[in-house]
2 protein chains.
Amino acid sequence: MSGVGGAAVGAAGVGDGNGGGRSIRLLVADDEHLIRGALVALLNLEPDIEVVATAENGLVAVEQAIETRPDVCLLDLEMPEADGIEAATRILQAVPTRVVIVTRHARPGVLRRALATKVSGFVPKSTPAEELAHVIRDVAAGRRYVDPEIAATALTAERCPLTDRELDALRHSRSTMSVQQIAERLHLAPGTVRNYLSSAMTKLDAASRHEAAEKAWEQGWI
Amino acid sequence: MSGVGGAAVGAAGVGDGNGGGRSIRLLVADDEHLIRGALVALLNLEPDIEVVATAENGLVAVEQAIETRPDVCLLDLEMPEADGIEAATRILQAVPTRVVIVTRHARPGVLRRALATKVSGFVPKSTPAEELAHVIRDVAAGRRYVDPEIAATALTAERCPLTDRELDALRHSRSTMSVQQIAERLHLAPGTVRNYLSSAMTKLDAASRHEAAEKAWEQGWI
DNA sequence: CTCGGACGGTGACAAATGTCACTGCTCTAC
DNA sequence: GTAGAGCAGTGACATTTGTCACCGTCCGAG
C-alpha cells in the first residue's frame, strides 16, 4: 500500500486530464471534529476535489447541502440529531447531488436501507484511504459504489423476520429498560410487550431480550 | 505492511519545507484504515511533522515503535490485539519516546489509567483538527497535554467504589451472559456472583446489572 | 490482638422475566 | 369469503433475577 498519500495524488494527477474541467465540490459530515478535519485534509490533497462545506451533525449537513449545493456529500452514518441515512433522505429530496455513506459498523440491513434512499456510495471506515477519492470520483461521474465485502454479506444475509412491533420492543431493549417501562413508552400492556419480546427471541435464537436486541442490531434491523 | 511507512514518508516529502530544522518523527496507530490514512494526510501537511510509521493495531504499533524509534506515538485507544494503554505501556518501556492517546469516548477512569502509564498527551476525537499538531509539538518538546474538559471531569468524578471481584462480574455483564455463565467463567457459585452484582448495583445506583455495567463502563472502570 | 474489609458461600424470599395457550380484532391475499 | 398474518391483550406457569441475612476465612492496619 505504498501509495497511500502518494499514489492517490499521483493517480489524481493522471486522471486530472479534465483539462480545465471543474473540480468535484464536496461536503464532508462527521461528528468527530478530528476525523472531519483529517478527512478534509486527505481529500483536499486531491487536485480534482474541493471541500466546500463541513458539518458536525445530520441537520447541519442538510442545511449546508442546500446552501452550497455540492456535487457529492460524504456522510458519516453515526451522527447526532439526524444520522447519515436520515440526512441523506432529506438532502436528496432537496437538492440534486449524490451521497456517499461512510460507516464504522457496516451492517447489511443498514446498507439495504441506505440503498433504498438512493444513496450512491457505501463504504466502511476500514476502506483504505486512497480508495476514498476513487469512490468519490466514481460517484461524481454518476456511477455507484458499494463495498464488495458488505454487499456480499447483505446478499447472503436473510431478510429481517421480525414484525414492526417486535422491532419497536427490541429497539428499547438495547438500553437498560424494564418491560414495564417499554410498555409505557409503547402504550401497550406489559404482557403484550413480553409476548413480542419472547417471539423475537425465538426468531433470533436468543436467550434474553438483550441478546436478541444485540443480534438484531448487528444485522442492522434496528 | 511496512509499505505503509514508505508511502507516508513519500507524502511527507511534499510538505518537507522545514528549512533545516529537524522535524518531529511520528508514529500513527488507528485500526480504521480510512481514519489512519486521513490522520497521516492531515499531519503530513505540517512542515515540521513527518509520519515515519503507521499501525493498524496495538501489537504492530509496538513493533513499529521499536523499529523506527519515533519522537512521538499517536495511539488510538480503541484498537484490537492491544488497546492504546496496553500498547503505550509496552512502547514506553522499550524505547525513549512520548505517547499521545486519542479516543472517541473520553472516560475519566481511562485518563487516570493512561496517566499512570506515563502517557504525555490525552485528546478526544472531538478535538479540532488544527489542535492536534499543536499537541504533538508540545509533547515532542517535553510538555504534557491533557484535554481540559476530560481533566475537569476526572477531577470531580470520584474514584471507583467497586471491589476487584465486583468489577470482574460487571465486566462479564456487559455482554449478554446469564449469572450462571458468569459464575462458571469466574469459577464461583452463582449466588456469590449475584451478591457481587447486587452490591455493585447498590453502589452505582442501578436497577439491573446491565445498567450497572453500563455506568461502570462510562466511568472507565471496566 | 482485634477490628474491618475483601472474599466466598448458603438459604429464603419477592419481583421481574420468559413461555405457552387462547381470545379477539383488522387487514390482505387468494 | 375465508385463511393467514399482524396486532393487542389476558392468565397461568416456571425460571431467572435481585435482595437480605447470615456464615465462615484470610489479610492488613492500628
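- Nearer the 5' end of DNA chain D, as judged by each residue's closest nucleotide, is the contact made by A/L188, out of A/L188 and B/R209.
- Ring geometry, A/H105 versus A/W217: the interplanar angle exceeds 60°, so the pair is classed perpendicular (tilted spans 30 to 60°).
- Atom CZ of A/R194 and atom P of C/dC20 are 13 Å apart (whole Å).
- In this structure, CG in A/L75 is found 6.5 Å from CG in A/L27, a value given to the nearest 0.5 Å.
- Straight-line distance from the CE atom of A/M177 to the C1' atom of C/dT17: 17 Å, rounded to whole Å.
- Bounding nucleotides for the chain A contact on DNA chain D, 5' to 3', at a heavy-atom distance below 4.0 Å, are D/dG6 to D/dA12.
- In the helix from C/dC1-D/dG30 to C/dC30-D/dG1, the rotation axis of the first five pairs and that of the last five pairs differ in direction by 30°, rounded to 10 degrees.
- Computed from coordinates, the B/M201 CE to C/dA16 P distance equals 12 Å when rounded to whole Å.
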Distances under 3.5 Å only, N/O to N/O: pair up the protein atoms with those of nucleotides 22-29 of chain C.
none

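- Between the CD atom of A/Q181 and the P atom of C/dA16 there is a distance of 11 Å, rounded to whole Å.
- Computed from coordinates, the A/Y196 OH to C/dT17 P distance equals 18 Å when rounded to whole Å.
- With the nearest nucleotide of DNA chain C identified for both B/G191 and B/T163, B/T163 has the one nearer the 5' end.
- Here C/dG9 presents its P atom at 15 Å from CG of B/L197, a figure rounded to the nearest Å.
- Of the charged side-chain nitrogens involved, none lies within less than 4.0 Å of a carboxylate oxygen, so that B/K125 and B/D147 do not count as a salt-bridged pair.
- A salt bridge links A/R90 with A/E86: at least one charged nitrogen is closer than 4.0 Å to a carboxylate oxygen.
- Looking at A/D168 and A/R185, no side-chain N of the basic residue comes within less than 4.0 Å of a carboxylate O on the acidic one, giving no salt bridge.
- Considering B/R194, B/K203, B/R171, B/R209 as possible partners of B/E166, the one that fulfils the salt bridge (Lys or Arg N to Asp or Glu O under 4.0 Å) test is B/K203.
- A/R143 places no side-chain N or O within donor-acceptor distance of the main-chain N or O of A/S120, the cut-off being under 3.5 Å.
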Please walk me through it: do B/R104 and B/E78 pass side chain to side chain contact (heavy atoms under 4.5 Å, CB included)? CA-CA 8 Å; B/R104 179 157 37 249; B/E78 296 91 1; 4.1 Å; yes
Test A/D76 against A/D31 for side chain to side chain contact (heavy atoms under 4.5 Å, CB included), laying out the working first. CA-CA 8 Å; A/D76 188 19; A/D31 58 323; 3.5 Å; yes
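- Using a cut-off of 4.0 Å between Lys/Arg side-chain N and Asp/Glu carboxylate O, A/D48 and A/R137 are scored as salt-bridged.
- When the shell of 6.0 Å around CD of A/E218 is examined, it contains more than 12 heavy atoms from other residues, nucleotides or ligands.
- Protein atom NE2 of B/H187 is 17 Å distant from nucleotide atom C1' of C/dG9, rounded to whole Å.
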